[in-house]
Amino acid sequence: MSDAQAGLVVAAPIIVGFSIALYRMSVLQRYSATVAVAASCVIAAVLFLQQ
C-alpha cells in the first residue's frame, strides 16, 4: 500500500465522521450528509484503485 492509499484510507472515514457529526448537530440536512458521505466514498475508491 502506497502512502497515497494510506492517506485515502485515513481521510475518507474522517470526512464521513465529520459529515455525520454535522448532521447530528443539525448543521447539515439528511440529503446533504448522504451526498457528502457517498461522494467521499466514491472519490476515495476511485483514487485508491487508480494508485
Side-chain angles (χ1 to χ4, degrees):
M1 182 180 299
S2 69
D3 290 338
Q5 288 174 328
L8 288 170
V9 169
V10 171
I14 291 172
I15 294 170
V16 171
F18 272 120
S19 62
I20 291 171
L22 289 174
Y23 169 71
R24 289 186 180 170
M25 289 188 291
S26 299
V27 176
L28 287 178
Q29 296 176 354
R30 180 181 298 263
Y31 176 75
S32 301
T34 305
V35 169
V37 168
S40 66
C41 290
V42 168
I43 291 169
V46 168
L47 291 174
F48 185 85
L49 295 175
Q50 285 184 354
Q51 290 293 324

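Heavy-atom basis, side chains included; hydrogens, waters and symmetry copies ignored. Throughout, residue positions are numbered sequentially from 1 according to the sequence presented.
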- Query: Are L47 and M1 connected in the hydrophobic side-chain network, where two residues link if heavy atoms are under 4.5 Å apart?
  - Reply: yes
- Query: What heavy-atom pair brings A33 and L28 nearest, and what distance separates the two atoms?
  - Reply: CA-CD1, 4.2 Å
- Residues V37 and S19: closest non-hydrogen pair is CG2-OG, 3.2 Å
- Message: With a 4.5 Å cut-off on side-chain heavy atoms, are Y23 and T34 touching?
- Response: no
- F48 CZ to S2 OG distance, which is reported to the nearest 0.5 Å: 7.5 Å
- Task: State yes or no: do V9 and I43 share one hydrophobic cluster built from I, L, V, M, F, W and Y residues joined by side-chain heavy-atom distances below 4.5 Å, directly or via other members?
- Result: yes
- Query: In Å, rounded to the nearest 0.5 Å, how long is the span from OG of S40 to CG of L8?
  - Reply: 11.0 Å
